[in-house]
There are 2 protein chains.
Amino acid sequence: MAGRAEITPLLAETFREHGYEGASLALICKATGLGKGSLYNLFPKGKEEMAAAVLDEVEVWFEREVFAPLATGGPAATAKMFDAVDAYFRSGGRVCLVGAFALADTRERFAARLRTYFTRWIDALSIALTAGGHKPRKARGRAEEVVAGVQGAIVLARALDDKAAFARVLERLRRRAASPQA
Amino acid sequence: MAGRAEITPLLAETFREHGYEGASLALICKATGLGKGSLYNLFPKGKEEMAAAVLDEVEVWFEREVFAPLATGGPAATAKMFDAVDAYFRSGGRVCLVGAFALADTRERFAARLRTYFTRWIDALSIALTAGGHKPRKARGRAEEVVAGVQGAIVLARALDDKAAFARVLERLRRRAASPQA
DNA sequence: GTCTATAGAGTGATAGAC
DNA sequence: GTCTATCACTCTATAGAC
């Protein structure tokens with residue numbers, strides 16, 4: 001018997017590939033192998049609850065794999081973040097669900113989740129950059145720049161259909177984060 | 001009598017606010033004040049043709065107001081681009097239609113238009129940065145960084161519901177573009 | 001009469017909810 | 001599976017310009 005834990009990652013990929021509106025229940029059924037009845041049994045409030053569960057899972061994953069290590073990992077934490085981010089977004093081949101939701105009609109509906117995701121990321125990266133030698137007063141601005149840059153790199157890579165563009169932008173951000181004086 | 005020229009900007013705002021899938025014909029009728037008959041008279045191929053017309057208009061506008069000035073405007077051109085971009089995107093309050101389409105299901109359908117928009121932008125900015133003193137070999141990478149940064153700033157500002165975040169990221173990009181040595 | 005622009009009822013298909 | 005609402009779209013009817 002498939003529970004939410006097994007289904008949510010499949011939902012996540014479907015929402016990433018097609019967006020909230022584009023991910024029809026028919027598509028979701030196909031992607032999960034479940035009928036509509038089973039889906040509504042797992043997610044009684046329907047599609048919105050599915051998306052909420054996906055956003056929750058994304059946040060939990062980033063909290064564990066990215067944000068917490070950044071906030072406590074010391075000077076080497078930032079470099080590890082870039083590795084994790086590059087892997088997670090498949091070098092620009094995979095969309096950031098939170099970023100995509102922020103640009104779409106879904107923004108108001110999931111506003112709180114979108115805000116905490118990016119706030120947590122910037123907060124944690126800010127701590128790591130400070131640990132890496134950046135001046136505390138400037139670390140937050142640079143953290144914003146990096147987080148925005150990652151989102152922009154995804155947009156660019158998808159528009160150009162060119163993962164190398166993602167890699168180049170990320171590499172620039174990585175070097176900047178590694179050199180506090182620049 | 002309303003022609004395509006009067007209707008297309010209204011379509012653009014509707015697509016920007018709701019995305020391609022979210023912009024239903026009912027919404028479009030309301031936003032334009034036209035009935036379906038009139039819309040299909042102006043755009044015989046329907047919604048896809050409307051979106052294509054909007055993307056064409058966006059590209060024409062950027063070509064005239066941003067890309068061409070960048071490519072021929074000399075050292076001051078980059079600063080003017082930032083002003084134009086800040087005004088156009090309403091300091092992050094307005095989505096980039098091309099960026100939003102790149103993240104959504106619309107990517108393949110409009111792939112060629114998405115690619116040329118960003119390619120032209122990066123090409124033109126690359127020329128302007130070189131004119132502004134950046135080393136030719138490094139100008140293109142920096143142009144990519146700036147264009148991606150603008151897209152990321154839009155995502156961030158919308159996710160945080162905070163135009164100031166857009167302003168801060170743009171200001172950083174502006175300073176970087178203005179100082180070739182950094 | 002012909003033409004173009006308009007409105008909107010009506011089409012089948014498909015949406016999400018249950 | 002069944003429901004109703006809504007989807008993109010088609011079609012008919014009508015208006016006024018010429």
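In what follows, chains carry the letters A, B, and so on, assigned in the order in which the sequence lines appear, proteins first and then strands, with residues in each chain numbered from 1.
- Distance alone, capped at 3.5 Å, places no donor-acceptor pair between the B/Arg113 side chain and the B/Leu55 backbone.
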Determine all donor-acceptor pairs shorter than 3.5 Å in which one atom belongs to a side chain in residues 147-155 of chain A; sequence neighbours excluded.
none

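- Checked for salt-bridge contact, B/Asp86 and B/Lys163 miss the test: no charged N lies under 4.0 Å from a carboxylate O.
- Counting heavy atoms of neighbouring residues, nucleotides and ligands inside a 6.0 Å radius, atom CZ of A/Arg64 exceeds 12 of them.
- Atom CD1 of residue B/Ile7 and atom CD1 of residue B/Ile28 lie 11.0 Å apart, to the nearest 0.5 angstrom.
- Of the residues in residues 18-39 of chain A, A/Lys36 come within less than 4.0 Å of DNA chain D through at least one heavy atom, sorted by number.
- Near DNA chain D, meaning a heavy atom under 4.0 Å from it, residues 40-50 of chain B has B/Tyr40, B/Gly46, B/Lys47 in order of number.
- Relative ring orientation between A/Trp121 and A/Phe62 is described as tilted, the plane-to-plane angle lying within the 30° to 60° band.
- Only one option out of B/Leu34, B/Thr14, B/Leu39 pairs with B/Cys29 in a side-chain contact (heavy atoms from CB on, under 4.5 Å); it is B/Leu39.
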